[in-house]
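Read the structure below first, then the notes.
Quick note on labels: first sequence line is chain A, next is B, and so on, each numbered from 1.
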Amino acid sequence: MPETVVTRFAPSPTGFLHIGGARTALYNWLLARANNGKFLLRIEDTDRKRSTDEAIEAILNGMKWMGLDWDGDAISQFDRADRHREVAEAMLASGHAYKCFSSPEETAELRDAARAEGKPFRGDMWREKQDQAPANTPYSIRIKMPREGSHAIDDQVQGRVEVQNAELDDMIIMRSDGTPTYMLAVVVDDHDMGVTHVVRGDDHLNNAFRQIPIYKALEWDIPTYAHIPLIHGPDGKKLSKRHGALGVEGYEEMGFLPEAMRNYLLRLGWSHGDEEIIPTAKAIEWFTLENVGKSPSRFDFDKLDFVNSYYMKELNGSELLPYVQSDLEEQVGHALDATEVERVTKALPSLAERAKRLPDLHEGASLFCNTRPLSLTDKAAKQLSGDTVPMLGSLTPVLEKVSQWNADDIKAAIVSFAEAEELKLGKVMQPVRAAVTGGKQSGDLAETLEILGQEETVARLRDVVAA
RNA sequence: GGUCCCUUCGUCUAGUGGCCUAGGACGCUGCCCUUUCACGGCGGAAACACGGGUUCGAGUCCCGUAGGGAUCACCA
């Protein structure tokens, strides 16, 4: 029987959920869901100075928006400090760790000096002098790293990676104020939470080698590692906060659908042959770590737009409406009435045909709201000059007489009008479109008029003729 | 600087020694469709970083060079 897969996402709450974190979370979530396992969430808030409640909120909201649900409650790492301390004490007792009486300032000085000389700094000032421990002096606890040999991990993404133990420093696992450091806390928490697969950014690859000795000291099983490459900005530079990195809520505001984000982020660094459109259900079916790429990738808005437009087209009018209604109401300046809701709902699918992002939708949808008289774009105004106005004047009564207000009959009426007047169809259609839409982008004209309704159509035409 | 990782079209990628005169997608672009804008259809330009090996044969394996990235805290 295969072991149950348990993954986790462990962000530190020092800012929003950025795009790289979102992808890491997605991969962890997918791995768990694909294997019928568990996906846990742990907030790494042991750094009290930098952690904020706002950031925790932002991260949780980001996860929810992305549709990444976690099993059980989100765990606060800080709440587990007692347990971390207990483990540190145990390591001290077993001789796998020792007390360090150097102050932070002193340590920094020694480190800088060592680096200036080009020598490695291992922080092992007190490693061999435990018998000289001063009384009443605060101390931190450092791990006693092995100095001989090496160890290797079989990373599920990076392959076999080996590091010499001599490269490792005696890092601090418990600060002099009694709080645990990250290196200790991750190991203890991952173990206690039963995490089997650690999937995280490859900026942690080196950390794996510093964490493994802790597992060994405690005689715990070492999890399977998968270090995924980082995401860079469109310019190839690291995606940092000052470099255009946005929280996922930024993408929500730009008008991207969560499903599109999931698809795009999944495909950025992972592949399943030539598949491009991968709905989440398929992703769960197909996801494996071995198909994760090894090289960093760049974020590309053009492709995200493409994916997003695909998913928008998949939705029907009433599914689309909630995404646009409030922005639309803001734009037209009033709450939509029942007629408007009906018109907009009908129009949305064809609007989605030519939209990339959600805001493109309410731009076009506003045309189906009652906002007479319409303001005309320059282009529309230009088309509504000269003899097109009297032409519209004669067309209006014709449309008024259409008894069955549907696209086919409307089109037939316009066509026979054009024939009678010996005008090219375009010469009639274009001005009507301009008059009725005010120059806004819209789909098939007859269909647009049908949705708008006879009364509103005629009224808009009259507005132009009267002007 | 030490250590570690990475390197196929502009971008995301397929490719696991012969199926590759390197495939798909986005973007760009020609044509067609068309009442606008789109969508769609059919085409096009566009890549194995470089140099050595190994092999009958290398994008695929090995070594080196170059470039990019990560990391070296009492941050996570």
Side-chain angles (χ1 to χ4, degrees), chain A residues 10-14 44-47 49-51 77 100 102-105 107-108 111 115 118-121 123 138-142 155 157-159 161-164 166-169 171-177 179-183 185-186 201-210 227 229-230 232 234 236-238 264 267-277 293-307 309 313 350-356 364 379-380 383 411 414-415 418 424-434 437 439-446:
Chain A
S12 62
T14 54
E44 310 235 309
D45 52 358
T46 51
D47 184 348
K49 293 185 198 79
R50 301 203 304 157
S51 300
Q77 188 159 64
C100 173
S102 297
S103 69
E105 296 73 26
T107 307
R111 185 181 53 236
R115 196 179 289 191
K119 286 182 183 164
F121 176 72
Y139 61 87
S140 56
I141 299 177
R142 287 181 184 271
D155 192 278
V157 172
Q158 306 291 343
V161 183
E162 185 176 8
V163 166
Q164 297 299 316
E167 298 296 330
L168 276 13
D169 66 321
M171 73 217 175
I172 290 176
I173 55 175
M174 182 72 59
R175 300 185 187 97
S176 48
D177 65 0
T179 59
T181 61
Y182 163 79
M183 288 298 170
V186 239
D202 73 5
D203 49 337
H204 283 287
L205 182 54
N206 291 297
N207 285 338
F209 295 93
R210 311 177 80 200
H227 290 92
L230 269 18
H232 290 175
K237 296 260 170 60
K238 186 192 175 189
Y264 176 73
R267 196 61 188 69
L268 194 64
W270 178 89
S271 60
H272 184 80
D274 285 338
E275 300 290 340
E276 295 289 347
I277 296 298
K294 300 173 83 166
S295 51
S297 41
R298 300 184 188 199
F299 196 89
D300 179 23
F301 276 103
D302 283 329
K303 186 127 182 198
L304 211 210
D305 276 336
F306 168 78
V307 175
S309 67
K313 285 176 219 161
S350 83
L351 252 19
E353 282 293 318
R354 62 218 81 214
K356 289 193 184 310
K379 201 178 164 195
Q383 284 176 313
K411 177 140 191 208
I414 293 175
V415 168
K424 281 193 170 173
L425 202 52
K427 289 284 178 201
V428 182
M429 294 273 207
Q430 302 276 17
V432 172
R433 182 186 293 280
T437 67
K440 285 210 173 72
Q441 188 172 286
S442 59
D444 178 82
L445 182 61

Could you go over nucleotides 9-13 of chain B and give all protein N or O partners under 3.5 Å, atom names and distances?
{"residue": "C12(B)", "atom": "OP1", "partner": "Arg298(A)", "partner atom": "N", "Å": "3.0"}
{"residue": "C12(B)", "atom": "O2'", "partner": "Arg267(A)", "partner atom": "O", "Å": "3.1"}
{"residue": "C12(B)", "atom": "O2", "partner": "Lys303(A)", "partner atom": "NZ", "Å": "3.4"}
{"residue": "U13(B)", "atom": "OP1", "partner": "Gly269(A)", "partner atom": "N", "Å": "2.7"}
{"residue": "U13(B)", "atom": "O3'", "partner": "Ser271(A)", "partner atom": "OG", "Å": "3.3"}
{"residue": "U13(B)", "atom": "O2'", "partner": "Arg267(A)", "partner atom": "NH2", "Å": "3.1"}

Query raised in the report: Is there a Watson-Crick or G-U wobble partner for U71(B) with both distances under 3.5 Å, and which nucleotide is it?
Result: G2(B)

Query raised in the report: P atom, G59(B) versus A22(B): distance in rounded Å?
Result: 11 Å

Report task. Hunt down the Watson-Crick or G-U wobble partner of C33(B), both distances under 3.5 Å, from any strand shown, or write none. Result -> none

Report summary line: Residue set satisfying salt bridge (Lys or Arg N to Asp or Glu O under 4.0 Å) with Glu167(A), at least two apart, ordered chain then number -> none

Query raised in the report: Quick one: are the ring centres of Tyr182(A) and His204(A) less than 6.0 Å apart?
Result: yes

Query raised in the report: To the nearest Å, how far apart are Asp203(A) CG and A73(B) P?
Result: 15 Å

Report summary line: Its contact letters, B for base, S for sugar-phosphate only and - for none at protein heavy atoms under 4.0 Å, make nucleotides 32-46 of chain B read ---BBBSS-------

Query - Inter-nucleotide C1' distance (G15(B), C48(B)), Å rounded - result: 10 Å

Requested in this report: Mind checking salt bridge (Lys or Arg N to Asp or Glu O under 4.0 Å) for Lys119(A) and listing every partner two or more places apart, or none if nothing turns up?
Outcome: Glu117(A)

Query raised in the report: A25(B) C1' sits how many Å from Asp305(A) CG, rounded?
Result: 15 Å

Report summary line: Rounded to the nearest 0.5 angstrom, the OG1-CD distance for Thr14(A) and Glu44(A) is 11.0 Å

Query raised in the report: Any sub-3.5 Å donor-acceptor pair from Thr181(A)'s side-chain atoms to Ile172(A)'s backbone N or O?
Result: yes

Report task. Could you give the distance separating G24(B) and G57(B) at their P atoms, to the nearest angstrom? Result -> 30 Å

Query raised in the report: For Arg354(A), what residues pass the salt bridge (Lys or Arg N to Asp or Glu O under 4.0 Å) criterion, not counting sequence neighbours?
Result: none

Report task. Remember a base hit wins even if backbone is also touched, and classify Ser103(A) as base, sugar-phosphate or nothing at under 4.0 Å, heavy atoms. Result -> base

Query raised in the report: Are Asp300(A) and Lys303(A) within salt-bridge range, i.e. N to O under 4.0 Å?
Result: no

Query raised in the report: Are the side chain of Arg433(A) and the backbone of Gly443(A) linked by a donor-acceptor contact shorter than 3.5 Å?
Result: yes

**Report entry** Atom-to-atom span, CD of Glu105(A) to P of A73(B) - whole angstrom
**Finding:** 16 Å

Query raised in the report: What distance, rounded to whole Å, do you find between the two C1' atoms, one in A70(B) and one in A76(B)?
Result: 15 Å

Query raised in the report: What about Phe301(A) and Phe306(A), are their ring centers closer than 6.0 Å?
Result: no

Short heteroatom pairs, N/O only, protein and nucleotides 3-5 of chain B, under 3.5 Å:
{"residue": "C5(B)", "atom": "O3'", "partner": "Gln158(A)", "partner atom": "OE1", "Å": "3.2"}
{"residue": "C5(B)", "atom": "O2'", "partner": "Gln158(A)", "partner atom": "OE1", "Å": "3.0"}

Requested in this report: Please work out if His204(A) contacts a base, only the sugar-phosphate, or nothing of the nucleic acid, heavy-atom cut-off 4.0 Å.
Outcome: base

**Report entry** Carboxylate-amine/guanidinium proximity below 4.0 Å for Glu276(A) and Arg267(A)
**Finding:** yes

Query raised in the report: Using a cut-off of 4.0 Å on non-hydrogen atoms, how would the nucleic acid contact of Met174(A) be classed: base, sugar-phosphate, or nothing?
Result: nothing

Requested in this report: If U65(B) has a Watson-Crick or G-U wobble mate with both distances under 3.5 Å, name it; if not, just say none.
Outcome: A49(B)

Query raised in the report: Given the P atoms of G27(B) and C33(B), what is the spacing between them in whole Å?
Result: 23 Å

**Report entry** For C20(B), the Watson-Crick or wobble counterpart (both distances under 3.5 Å)
**Finding:** none

Query raised in the report: Reckon Leu230(A) touches a base, only the sugar-phosphate, or nothing at all at heavy-atom distances under 4.0 Å?
Result: sugar-phosphate

Report task. Would you mind reading off the distance between Arg111(A) atom CZ and C72(B) atom P, rounded to a whole angstrom? Result -> 10 Å

Report task. Please confirm whether any donor atom in the side chain of Asp45(A) sits under 3.5 Å from an acceptor in the base of A76(B), or the reverse. Result -> no

Query raised in the report: Can you tell me how far C1' in U71(B) sits from the matching atom in G64(B), rounded to whole Å?
Result: 24 Å

Query - Test: Arg210(A) and Asp169(A) ion pair at under 4.0 Å - result: yes

Query raised in the report: When we call it a touch if two heavy atoms are under 4.0 Å apart, what does Ser102(A) touch: a base, just sugar-phosphate, or nothing?
Result: base

Report task. Respond yes when some side-chain nitrogen or oxygen of Arg142(A) is under 4.0 Å from OP1 or OP2 of C74(B), and no when none is. Result -> yes

Query - Distance, C1' atom - from C20(B) to U16(B), rounded to whole angstrom - result: 14 Å

Query raised in the report: Roughly how far apart, to the nearest Å, are C5(B) and C61(B) at atom P?
Result: 15 Å

Query raised in the report: Where the side chain of Asp155(A) meets the backbone of His227(A), is there a donor-acceptor pair that is under 3.5 Å apart?
Result: yes

Report summary line: Separation of A70(B) atom P from Asp155(A) atom CG, nearest Å, is 18 Å

Query - Heavy-atom side-chain proximity of Pro296(A) to His232(A) below 4.5 angstrom - result: yes

